[in-house]
There are 2 protein chains.
Amino acid sequence: MGEVSDPPVTLRTLADRLGLHVSTVSRVLHAKPGETQRAASSATIRRVRKLADELGYRPNPHASSLRTKRSNLVAVLVPRLSDTVLAAICEGIEEAAGERGLSTIITSTKDVPALRRARAELALGQRVDGIIFGDAVVDGALLAEISARGTPFVLVNRRAAGYPAVTCDDYVGGRMVADHLLGLGHTDVAVVAGRPYASTGIDRAQGFLDAYADAGIELPTHRFTHCAFDERGGHEATARLLDQATRPPSAVFAVTDAAALGAVGALRDRGIRVGTDIAVAGFGDTAIAAELPVPLTTVRSPMHRIGRIGLELLGELLRGGQVASRRLRPELVIRESTTSARPRP
Amino acid sequence: MGEVSDPPVTLRTLADRLGLHVSTVSRVLHAKPGETQRAASSATIRRVRKLADELGYRPNPHASSLRTKRSNLVAVLVPRLSDTVLAAICEGIEEAAGERGLSTIITSTKDVPALRRARAELALGQRVDGIIFGDAVVDGALLAEISARGTPFVLVNRRAAGYPAVTCDDYVGGRMVADHLLGLGHTDVAVVAGRPYASTGIDRAQGFLDAYADAGIELPTHRFTHCAFDERGGHEATARLLDQATRPPSAVFAVTDAAALGAVGALRDRGIRVGTDIAVAGFGDTAIAAELPVPLTTVRSPMHRIGRIGLELLGELLRGGQVASRRLRPELVIRESTTSARPRP
DNA sequence: CTGAAAGCGCTTACAG
DNA sequence: CTGAAAGCGCTTACAG
């Protein structure tokens, strides 16, 4: 516990009070168990620690960082915090960061290139030790620049151009959904595909399309549309899909749960009953999926773990190590939104 | 754009190359438009700026902070990032922070007192200029300590013990829901009340109860239960409410949209149809509300603005000013989850 | 208009 | 076992 707020307690404060040199105090306070010996005599160590405790000494991180060139700060860029998936990933990152004495500076870039760049610059300017990008664009243009500047980074959720990334195996997840729907006999399906520049949407949709192609079914263009990953995006995309075709598909695959919920809303607006008239599947298994009146079939993506592992990889990089991308296994969660609907004959 | 990554560009780099003293360079780079005159001659200013641009000079924030005792860092403590409401508030905070050159360090404390304390200590140790608490407990015990330590702070979303807070007028919002349900003739209602230590839940529930009391209706204890604010909390609480009573209420008010969705799930499990057999209302008007198969009546809370204003107030505090709490006006959003259900006669 | 000095609080090899 | 020095990169009154 700190005491008064007026005279900040510094190494000097401690050194003066103890009749020691600041360097001695510093050494003691840094000594890791094991190398305690060379820091000072055990008596001195005890005295120093005691007073530091009493006065509530907290090292000034700016001073340390200035000397050591390490800030213990990690920047996390995400498209939006209000995206549950990213929020869960951030929680995983933060948890793992806390365990390592790192602090995270999380910022939303809204998938706006100029913002992404500005935030990355800001992070670099802040001398963060590393960056976690949750908002990578698949071509990785900005990343090439950051890479050249030398600050270590990893990607989470979205992969890009060979940089180390921790993702769900989105392609396989997309295939799982397709195989499930194929197994139920759905031949006329539509895809609410998300953004064309994010690997999540791309891979999920591609896995889905490939599985259908393997079954000899090519989706016509009017059964496939890009959109924002959120509720509104899914709603608008689904409305478009429905308006463009003479009749609705028998199933819709939305590449995120949020978009799937948007699809639910759009279908409702047209009196099409999810789970009865049409099958709907999402991706993520966020909290809403299991609570909907007709529970949502979806693909469970280990969001929290993606964040954790992302930070662990970055940690490895900061220690000078090498890391390889990780692709975590998805799991199909079957619920009534697909099982209670019959495909059209 | 920065260039190479090897030799970091410092004031010294610039000064040496230009044959100037670092202090002159520093002055120039700090000169705000208007007081440019006293920094250096306009020729010098031009030269300095040009070179700084070319070399991609970025002031080392650790060095500045060490000198100025200002970190331009603001800590934000929230119960959980995965709570949409808090995420939206964080986005508002971040947006306003960006405009002021402040960076935000956001961390989740999960409503665990030990974590809350640890994170607050961490923030203080990091020498943040100020703190925004989104996880305040109504008694404000920790806040009293922080206050004594002298770091400015404001609360968002939840108020506590007279500290400056930016909230939705939760009490009024709770009343709005009650008046709406009363108007529809609901006399047997239940409350999914959230956590007993957070002002959001307390005030929303109290407003609701008071309005019912004003109408001469006291809720029996088996129609009121506390719970976590999320989907699972709402689900479990609703299950409890239903199990404890011989028959279901004709309406349920959940103090968050997430909990309301959980209620929807629990009702579904028992075959009780929302909007037909029972009315359900939430609070927040998060993105899910409008998309549900039976759209959710809820209270719109200006989450983004709460965050923005929170940061603005903190900014005022950092400038040495005084601030007063703000209570923003809620708005009832009526949808079918309440209007299509008939109260039991 | 520009320079020189002092100092923010720390860390780290180096002496002794 | 402990001290002294140097220096991280910046800012800010103060001289001149």
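Not measured: the values here are computed from a predicted model. Below, read A as the first sequence line, B as the second, and so on, with proteins coming before strands; counting in each chain starts at 1.
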For the residue pair [X] and [Y], what are the closest heavy atoms and their distance?
{"X": "A:A97", "Y": "A:T104", "answer": "CB-CG2, 3.7 Å"}
{"X": "A:T200", "Y": "A:N157", "answer": "CG2-O, 3.2 Å"}
{"X": "A:I93", "Y": "A:G307", "answer": "CG1-O, 3.3 Å"}
{"X": "B:L81", "Y": "B:I106", "answer": "CD1-CG2, 3.6 Å"}

Would you mind telling me which of [options] lies closest to the side-chain atoms of [X]?
{"X": "A:L20", "options": "D:dG3, D:dT11, D:dG9", "answer": "D:dG3"}
{"X": "B:H30", "options": "D:dC10, C:dG9, C:dG3", "answer": "D:dC10"}
{"X": "A:N60", "options": "C:dG9, C:dT12, D:dG9", "answer": "C:dG9"}

Interatomic distance where [atom1] belongs to [X] and [atom2] belongs to [N] [whole Å]:
{"X": "B:N72", "N": "D:dT11", "atom1": "CG", "atom2": "P", "answer": "11 Å"}
{"X": "B:R47", "N": "C:dC1", "atom1": "CZ", "atom2": "C1'", "answer": "13 Å"}
{"X": "B:L11", "N": "D:dC8", "atom1": "CG", "atom2": "P", "answer": "13 Å"}
{"X": "A:R67", "N": "D:dA6", "atom1": "CZ", "atom2": "P", "answer": "13 Å"}
{"X": "A:L18", "N": "D:dC1", "atom1": "CG", "atom2": "P", "answer": "18 Å"}
{"X": "B:R12", "N": "D:dG7", "atom1": "CZ", "atom2": "P", "answer": "11 Å"}
{"X": "A:R127", "N": "D:dG9", "atom1": "CZ", "atom2": "C1'", "answer": "9 Å"}
{"X": "B:R70", "N": "D:dC10", "atom1": "CZ", "atom2": "P", "answer": "19 Å"}

Checklist entry - Can you find a side chain N or O atom of B:K69 that sits less than 4.0 Å from OP1 or OP2 on D:dT11? => result no

Checklist entry - Of all residues at least two apart in sequence or in a different chain, which pass the ring pair (Phe, Tyr, Trp, His ring centres under 6.0 Å) check with B:F133? => result B:F153

Item to check | Residue of the set A:L124, A:V76, A:V74, A:L73 for which side-chain contact (heavy atoms from CB on, under 4.5 Å) holds with A:I131 | outcome: A:L124

Checklist entry - Can you tell me which stems DNA chain C forms when a stem means 3 or more consecutive Watson-Crick or G-U pairs under 3.5 Å? => result C:1-3 with D:14-16, C:5-12 with D:5-12, C:14-16 with D:1-3

Using a heavy-atom cut-off of under 4.0 Å over every strand shown, decide if [X] touches base, sugar-phosphate, or nothing.
{"X": "A:T10", "value": "sugar-phosphate"}
{"X": "A:S65", "value": "nothing"}
{"X": "B:P61", "value": "nothing"}
{"X": "A:S23", "value": "base"}

Item to check | Base of C:dG3 paired with side chain of B:R27 (donor-acceptor, under 3.5 Å) | outcome: yes

Next on the checklist: Return whichever of B:H21 or A:T24 has its heavy-atom-nearest nucleotide of DNA chain C closer to the 5' end.
Outcome noted: B:H21

Item to check | Closest-nucleotide 5' rank along DNA chain C - winner of B:A63 and B:G19 | outcome: B:G19

Checklist entry - For A:T151, what residues pass the side chain to side chain donor-acceptor pair (under 3.5 Å) criterion, not counting sequence neighbours? => result none

Checklist entry - Can you check side chain to side chain contact (heavy atoms under 4.5 Å, CB included) on A:S103 and B:L122, steps first, answer last? => result CA-CA 9 Å; A:S103 287; B:L122 188 65; 4.0 Å; yes

